[in-house]
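What follows is one structure encoded as structure tokens, with my remarks underneath.
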Protein chains: 2
Amino acid sequence: MSLRHALLGLLAQGPASGYDLTRAFDGGIGRYAWQAGHSRIYPELAKMTEAGQVVVDETGPRGRKSYALTEDGRAELRRWMFHWPEQATVRDETVLRMFLVQSLEPDDARTLLEGIAAHCAAEIEELRPLMEAEDAEHREGDPLPFGRLAGEYGLRQYEAVHGWATWSLERLVGVGAAR
Amino acid sequence: MSLRHALLGLLAQGPASGYDLTRAFDGGIGRYAWQAGHSRIYPELAKMTEAGQVVVDETGPRGRKSYALTEDGRAELRRWMFHWPEQATVRDETVLRMFLVQSLEPDDARTLLEGIAAHCAAEIEELRPLMEAEDAEHREGDPLPFGRLAGEYGLRQYEAVHGWATWSLERLVGVGAAR
DNA sequence: TCTTGACATGTCTGTATGGACAGGTTGAGG
DNA sequence: CCTCAACCTGTCCATACAGACATGTCAAGA
């Protein structure tokens, strides 16, 4: 039911339509945390409405329906945020690839790790200026822009992977060189 | 089809039964990368056999069937490892919670971040000695134990999250204190 | 006026998946 | 000899999900 909580969390920022929420999943949340297409989002919003966690607070042009969180919805979000299961759902293709690097021939592993390192470096160069621009606009005392923490998470994530790939390359050198 | 590639990657380490593979998912790979239960693994192994990517190389007691990678299977694994889709599958409940921290009241957010930081610190203290023990046993020139790179990844991951949570707490202090 | 792209909501089908259901074997220790 | 835990393989069902299919509106610019 994580999709439901993702939607509750996004709606906690303010009312949004199914379309808006679908767009949100194109951004950082869909890239790093949880994917969802509109074909899942619309039915889920319907079920959440039935469950009393959201309401249609406004309709707009083109049949637009704007959803807002109810008290029940906010309570459920809070409950979920504080209730960590022992085994959280995880299914991450990128991390899986990292786990399986050692299944490749040493030469292939090295090539792949070099690719990962380069890719991370490129992402970092793209993300860092965005974060710095946000910080420059930010005034003392204002709430942080939504996604600032998430963006920082993504950045640190890439830095960690970059460091890992570099470290792994060093560790593999001995094996490959001895070939 | 990532489950298939996870299985191919695990089998690249050597033959294993469905039961062995199920156990493997209880470890790091299932915790950080990809979850799978035996009810998915057995049917998938059957399909992979049909596709010629694995073969039953040996039967043992209790109906045990040991699967081994074929050349086709190894080729498919390699192909997949080098073929990165623009948008990789990701569905990670833990990361989702991090994205949604800003949806909470500042006080709740602070409590949660403190919990995350403490949790990460505990995991780091558990993982680091394991890695150090493996390194102490490791001799120059030997191949790294399977999972050493993955373990290092997990460790660096926790360190990154810990750093992020600490940083986030600092950034939120202004908001909370001004309340 | 026309066309195009963005806005907007939905359904349907095949596959993925988790959790329950189901059943049988073997070895070690009491 | 017995029992129990670990070993071992499977199926079934309800739900989750991705991607295709389907439909229609509105605003801006040519």
Side-chain angles (χ1 to χ4, degrees), chain A residues 1-8 10-11 15-27 29-31 33-51 54-67 80 85-93 96, chain B residues 1-8 10-11 15-27 29-31 33-51 54-67 80 85-93 96:
Chain A
M1 298 254 292
S2 289
L3 172 59
R4 172 162 309 196
H5 297 102
L7 295 173
L8 289 172
L10 291 171
L11 289 173
S17 67
Y19 187 83
D20 295 337
L21 293 166
T22 303
R23 288 290 81 94
F25 280 96
D26 290 340
I29 197 167
R31 188 160 171 187
W34 205 271
Q35 289 169 349
H38 77 278
S39 65
R40 278 291 304 147
I41 292 170
Y42 287 114
E44 190 65 29
L45 284 170
K47 277 207 258 176
M48 289 160 77
T49 304
E50 214 180 312
V54 297
V55 286
V56 177
D57 74 326
E58 194 182 306
T59 54
R62 280 168 289 220
R64 178 189 171 93
K65 285 190 266 182
S66 175
Y67 290 88
W80 178 79
E86 1 56 74
Q87 167 77 65
T89 298
V90 53
R91 192 160 286 122
D92 189 321
E93 206 181 320
L96 180 58
Chain B
M1 299 255 291
S2 290
L3 172 59
R4 174 165 306 197
H5 297 103
L7 295 174
L8 289 172
L10 290 171
L11 288 174
S17 67
Y19 187 82
D20 295 336
L21 293 165
T22 304
R23 293 293 119 234
F25 280 96
D26 290 341
I29 197 169
R31 189 161 172 186
W34 204 273
Q35 289 168 351
H38 78 277
S39 65
R40 277 292 303 146
I41 292 171
Y42 288 115
E44 191 64 30
L45 284 169
K47 277 207 259 176
M48 290 160 76
T49 304
E50 213 180 312
V54 298
V55 286
V56 177
D57 74 325
E58 192 182 306
T59 54
R62 279 166 292 221
R64 177 189 173 94
K65 285 191 265 184
S66 174
Y67 290 87
W80 177 80
E86 2 55 78
Q87 168 76 64
T89 298
V90 53
R91 192 161 283 124
D92 189 321
E93 205 181 320
L96 180 57

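Labels below follow one simple rule: chain letters A, B, ... track the order of the sequence lines, proteins then strands, and each chain is numbered from 1.
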For [N] and [X] - does any side-chain N or O of the residue sit under 4.0 Å from the phosphate oxygens OP1/OP2?
X       : N      : value
B/Tyr19 : D/dC7  : yes
B/Lys47 : C/dT15 : no
B/Arg4  : C/dT15 : no

Select one nucleotide: of [options], the one nearest the side-chain heavy atoms of [X].
X       : options                : value
B/Lys65 : D/dT9, C/dG10, C/dA20  : D/dT9
B/Ser39 : C/dT26, C/dT17, D/dT11 : D/dT11
B/Ser17 : D/dT9, C/dA20, C/dG10  : D/dT9

Distance, rounded to the nearest Å, where [X] contributes [atom1] and [N] contributes [atom2]:
X       : N      : atom1 : atom2 : result
A/Asp20 : C/dC7  : CG    : C1'   : 10 Å
A/Glu93 : C/dT17 : CD    : P     : 11 Å
B/Leu3  : C/dG18 : CG    : P     : 9 Å
B/Gln35 : D/dA16 : CD    : P     : 16 Å
B/Met48 : C/dT15 : CE    : C1'   : 17 Å
B/Leu45 : D/dC8  : CG    : C1'   : 13 Å
A/Arg91 : D/dC17 : CZ    : P     : 9 Å
B/Ile41 : D/dT9  : CD1   : P     : 10 Å

(message) Can a donor-acceptor pair be found, under 3.5 Å and without considering hydrogens, that links the side chain of B/Gln35 to the backbone of A/Ala88?
(response)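 Looks like yes, one N/O pair under 3.5 Å.
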(message) Classify B/Thr22 by what it touches in the nucleic acid, base, sugar-phosphate, or nothing, heavy-atom distance under 4.0 Å.
(response)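 B/Thr22: no heavy atom of the nucleic acid under 4.0 Å.
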(message) Using a 4.0 Å heavy-atom cut-off, does A/Arg40 contact any base of the nucleic acid, only the sugar-phosphate backbone, or nothing at all?
(response)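 Answer is base: heavy atoms of A/Arg40 come under 4.0 Å of a base.
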(message) What's the separation between atom OG in A/Ser2 and atom CH2 in A/Trp34, rounded to the nearest 0.5 Å?
(response)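 Between A/Ser2 OG and A/Trp34 CH2, I get 3.5 Å after rounding to 0.5 Å.
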(message) Check this for me: does any side-chain nitrogen of one of B/Lys65 and B/Asp20 sit under 4.0 Å from a carboxylate oxygen of the other?
(response)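 The answer is no: the pair does not qualify as a salt bridge.
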(message) Quick check: do B/Leu96 and A/Trp80 have side-chain heavy atoms less than 4.5 Å from each other?
(response)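 Answer yes - side chains close enough.
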(request) Nearest-nucleotide wise, let me know which of A/Ser66 and B/Arg62 is further upstream toward the 5' end of DNA chain C. (result)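 Counting from the 5' end, the first nearest nucleotide belongs to A/Ser66.
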(message) Between A/Glu44 and B/Arg23, which residue's closest nucleotide on DNA chain D lies nearer the 5′ terminus?
(response)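 The residue closer to the strand's 5' end, by nearest nucleotide, is B/Arg23.
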(request) Give a yes/no verdict on a cation-pi contact between A/Arg23 and A/Phe25, requiring under 6.0 Å between NZ or CZ and the six-membered ring centre and an angle within 45° of the axis. (result)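 No, A/Arg23 does not lie over the aromatic ring of A/Phe25.
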